[in-house]
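Numbers restart at 1 for each chain; the letters A, B, ... are given by sequence-line order, proteins then strands.
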Amino acid sequence: MPELPEVETIRRALQHGGRGGAAIIGWQVQRVDLLWDRLLATGNKKGFLDEINGQKVIAVNRRAKFLDLEFDRHHLIFHLRMSGDIRVEENQHPFQKHDRMLLFFENGFHLAFNDTRKFGRIWFVKDPQEIWANLGPEPFDETLTASLFFDLLQRKKRKIKPLLMDQSFLAGLGNIYTDEALFQAKIHPLRNSGSISQLEAENLLVAIRDQLSEGIKNNGSSIDWVYRGGNFQNTFQVYGKNGKECSICGTVIEKMQVGQRGTHFCPSCQVLFRLNPGIKEG
DNA sequence: AGGGAAACCCGAACGC
DNA sequence: TGCGTTCGGGTTTCCC
C-alpha cells in the first residue's frame, strides 16, 4: 500500500511524467469536482473550490507518506492511506469507480484521486508545516546518523516494529517495508527498542534505507488490486510469505499480530532471546 | 509513556 | 451457486 516508495513514485510521475500520465508542472486549475465531501480533512468545501481555481502547479513534493501539490498560493496535501491512487488523464477518458476528486486543468487534462476505501484525505493550506508538524525525520535525512538513530532507539522502550511504524519517530515506513527491513537486519519485531545494540541499530538503519531504495527503484509494490505499476512485491522476503521457507535458512516464515498489524518474520533469523550468556535479553 | 482496542471503509477471500 | 463472515491496510482517538 502506499508507503514512502509508492508515494515517491507517484510524486516523480506528477513532477516528471510517468505511470501512464504527464507531468503537471505549470498546469492551471480550471475547476474541481469534490465527489466525496469527507475527503477534505479540514477547512470548508466552498473556500477550497473557490480558491484553488486559477492556481498553477509549482512543484510536487513529498514528506513522509504525504504528497504535496504546491500551487501559487496554497498547497494541496494528499495522504493516500490504504487505497488512494492518482491518475492524470485527458478529459475524454472515462471517470472511474471510486474517484473521489477530479482536478480539471485548463489544458483539457484532469487529475483524478481514486480511493476505494475512503481512508485517504486532502488538506488545502497555506503552510504545509501545520500538517506535518509532528512527523519524525525522513529515513534518508543525512543528519539521521547511525549513532543518532541508536540514541533515539535507546530513549524509547517500545516494541521495535510499532516504533518504526510510528510516524512521529521515523516518517515513511508502513507495514511492508518495516517487516522487510527487520528481516534484513535480523531483528525480531517484538524486540524492545532499548535492547537494540549499536551494531544492530546501524544494520537496521542500513536495512531501512536499502528496502526503501529498492522499493523506489521498483516503482513501489503492487499488492492487492490497489496500487499500479510497481514490482517490489516480487522481492518480498517475509511479507505475505508465511508458510513459505525463508530464503536464508529454510525455516518456515511465521505471521503474528503486533500492535494490530499482521507481522511476518523468520523465527530462526530473527530471534527474540539470545541464548548466549552475557547478551541482554529482550 | 506504552499499549490495546475501536473506528473509519471496501472488496477479496473464505466458510458453509 | 449464493450467502454471511473475516480480513487487511494507515492513522487517529480514546482508554487503561
Residues from residues 153-165 of chain A lying under 4.0 Å of DNA chain B - heavy atoms: A:Lys156, A:Lys157, A:Arg158, A:Lys159
Hey, could you give me each pair passing salt bridge (Lys or Arg N to Asp or Glu O under 4.0 Å) that has a residue in [range]? Not counting sequence neighbours.
range	value
residues 168-185 of chain A	A:Lys161-A:Asp179
residues 92-107 of chain A	A:Arg87-A:Asp99
residues 21-43 of chain A	A:Arg31-A:Asp33, A:Asp37-A:Lys45

Starting from [atom2] on [N], measure out to [atom1] on [X] and report it in whole angstrom.
X	N	atom1	atom2	answer
A:Asp166	B:dG2	CG	P	9 Å
A:Arg117	C:dG8	CZ	P	11 Å
A:Phe169	C:dT11	CZ	C1'	18 Å
A:Leu80	B:dC8	CG	C1'	16 Å
A:Asn192	B:dA1	CG	P	16 Å
A:Asp99	B:dC10	CG	C1'	15 Å
A:Met256	B:dG4	CE	P	12 Å
A:Lys255	C:dT6	NZ	P	16 Å

By side-chain hydrogen bond (donor to acceptor under 3.5 Å, both in side chains) - contacts of A:Gln55 (at least two apart): A:His74
Would you say a side-chain N or O of [X] is under 4.0 Å from OP1 or OP2 of [N]?
X	N	answer
A:Lys118	B:dC10	yes
A:His98	B:dG11	yes
A:Lys97	B:dC10	no

Where at least one partner belongs to residues 132-141 of chain A, residue pairs that pass side chain to side chain donor-acceptor pair (under 3.5 Å), sequence neighbours excluded: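 Found A:Arg62-A:Glu138, A:Arg63-A:Glu138, A:Gln129-A:Trp132, A:Asp141-A:Thr143.
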Of A:Gln260 and A:Trp36, the one whose closest DNA chain B nucleotide lies more 5': A:Gln260
Ring centroids of A:Phe119 and C:dT11 base under 5.5 Å with planes under 30°: no
Closest listed nucleotide, where the reference is the side chain of A:Tyr239 and the choices are C:dT11, C:dG8, B:dC9: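 Nearest listed nucleotide: C:dG8.
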Shortest non-hydrogen contact between A:Ala41 and A:Trp123, atoms and distance: CB-NE1, 3.4 Å
Sugar-phosphate, base or nothing in reach of A:Arg38, heavy atoms under 4.0 Å: sugar-phosphate
side-chain contact (heavy atoms from CB on, under 4.5 Å) evaluation trace for A:Leu102 with A:Val32: CA-CA 6 Å; A:Leu102 300 164; A:Val32 176; over 6 Å; no
